[in-house]
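Here the structure is a predicted model, which means the values were calculated and not measured. Numbers restart at 1 for each chain; the letters A, B, ... are given by sequence-line order, proteins then strands.
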2 protein chains.
Amino acid sequence: MKRLILALLLFPCLLLAQQPPVSAYVCPPCGGSCDTISFSKAGICPHCEMTLLSKDEKERPVKEQQTTVCFYLYNGVEVLDFAGPMEVFSYAGFKVFTVSKTKEPLISQGILKIIPEYSIADAPLADIFAVFGGNDEVAADDPEVIAWIKSRDQATLSYFSVCTGAFILSKAGLLNNLQVTTFHRSIEHLQKAVPSARVLKNTRYVDNGRIITTAGISAGIDGALHLVAKLKGKEAAMKVAQHMEYDKYQPDQGLVVR
Amino acid sequence: MKRLILALLLFPCLLLAQQPPVSAYVCPPCGGSCDTISFSKAGICPHCEMTLLSKDEKERPVKEQQTTVCFYLYNGVEVLDFAGPMEVFSYAGFKVFTVSKTKEPLISQGILKIIPEYSIADAPLADIFAVFGGNDEVAADDPEVIAWIKSRDQATLSYFSVCTGAFILSKAGLLNNLQVTTFHRSIEHLQKAVPSARVLKNTRYVDNGRIITTAGISAGIDGALHLVAKLKGKEAAMKVAQHMEYDKYQPDQGLVVR
């Protein structure tokens, strides 16, 4: 009888022992800076607003395939051109990585020293190939870089250019016969470079289906939100914009060619 | 007579020989990526819209003192938090440099590997001290970093925080008794951290004279444009906004405490 009582008393303790207490909660992989923070309680991440997971849950394989984005950077790339879309795509849950011709450090905006994650020799393929403005000639006039972009064409679902990044896509022969846009001071120049295209001014972005080009510098944010809306729905894009406090976001502000 | 005719014929050639042809034109130092480009003809820089100088002119000492801005970065800093103001300040002609605790590479947004230009051991003083959100605890909870920020106080004319960068300023005791703002999900948290401050929600930025705090992530662009307007005039800020194609800029959108 004593043994039975003891067993009954111990039973709940044994049950608890089978479920070790969760020591920490973490963000689901969001690409954001909060990916590396641990929290002591379950709840909402104050940074990305996603529901926290226990560490065990995070380690389970993710079923949904993450959209991958290759950010091609180069010496003289404009800082906001790439940073706006990087912020947007990372909070949309896309996996973003940086590539340059080599892994040598490059300088953005004459200020920011960046080490690219990959070179063109070892960069993985990506769903989206993104290029940005600045000293775009560094990439556009480099036959090796252009050949490398062309070599990835079959695996690339979408191309995305911000500002004068459009010149890089034009050198890869991707803008022929399309409606496109670029930095406001480069409209005529791009028109001369791609006579078969129609280069539009005063257009925040132009979506040709596979190829999206945006206007200058800050317009990359709107183009990136448009791409998120297209791939994950308008609500997802609105959520990212709200998180970024980009209440100036106007859905459908650009031109979608149908 | 022959000698006289020869001398008269040669005279214009001698004059030309005294003025060697200008081989290249360059941007005035604008902090932008176009600072490194050479142009064969005089005119307007297609990137920053400033009037090009001959190389000789550029080498002349600049009379006007450039406003300097220290960007304090750390592991986990949010990419758009600092990239928006970096774009704005560089086109306003400010000299921006990056600093972190050490010169080791740091990762922004879990994606971008950055090498800071200076460490806290050798960073020069600056007119403006700027901090940004993300994993702000990395800086805010580091007594060495906070002591270093305090040690520069006398030389600092303005403090500028974006998003949860406000927590770093709060740890340096800079927000006491002020009206301030931060990332929308951190309003209550900052209010608890600085009970004597009034932490405002739905406010794009708050300017207390010496200390400017902005709302989250993209609000840094507006706060930076406000600071440019304050230091260089509204027209200068509008010119930067137009160059960046940030037609969503609304001057005087934040609160200026008088």
For a quick test of your reading: what N or O donor-acceptor pairs under 3.5 Å do the side chains of residues 111-124 of chain B make, sequence neighbours left out?
residue: B/Ser119; atom: OG; partner: B/Ala121; partner atom: N; Å: 3.0
residue: B/Asp122; atom: OD1; partner: B/Ser119; partner atom: N; Å: 2.9
residue: B/Asp122; atom: OD2; partner: B/Lys103; partner atom: NZ; Å: 2.5

*Look at B/Ala83, B/Pro105, B/Gly216 and state which one has the largest set of heavy-atom pairs under 4.5 Å with chain A.*
B/Gly216

*Of the non-hydrogen atoms in A/Val79 and B/Met86, which two are nearest, and what is the gap between them?*
CG2-SD, 4.1 Å

*Measure the spacing between CE of A/Met244 and CD1 of B/Ile217 and express it to the nearest 0.5 Å.*
6.5 Å

*Beyond-backbone contact of A/Gln109 with B/Tyr91, side-chain heavy atoms, under 4.5 angstrom*: yes

*Give the C-alpha distance, both sets of side-chain angles, the deciding distance and a yes or no for side chain to side chain contact (heavy atoms under 4.5 Å, CB included) between B/Leu80 and A/Leu80.*
CA-CA 8 Å; B/Leu80 186 53; A/Leu80 186 54; 3.4 Å; yes

_Close contacts, residues 247-255 of chain B versus chain A, judged by heavy atoms under 4.5 Å_ = B/Asp247, B/Lys248, B/Tyr249, B/Gln250, B/Gln253

*Side chain from CB out, backbone as N, CA, C, O: work out which of these in B/Ile107 comes under 4.5 Å of a heavy atom of chain A, or both, or neither.*
neither

*asked:* Would you say A/Ser218 and B/Glu245 are linked by a side-chain donor-acceptor pair, where the criterion is simply a distance under 3.5 Å?
replied: no

*asked:* I'd like to check the ring pair (Phe, Tyr, Trp, His ring centres under 6.0 Å) partners of A/Tyr246; sequence neighbours left out, ordered by chain and number.
replied: none

*asked:* For B/Asp222, which atoms come within 4.5 Å of any heavy atom of chain A: side chain, backbone, both, or neither?
replied: side chain

_Could you measure the distance from the OG atom of B/Ser90 to the CD atom of A/Glu78? Nearest 0.5 Å is fine._
7.0 Å

*Any residue meeting ring pair (Phe, Tyr, Trp, His ring centres under 6.0 Å) with A/Phe132, in chain and number order, not counting sequence neighbours*: A/Phe71

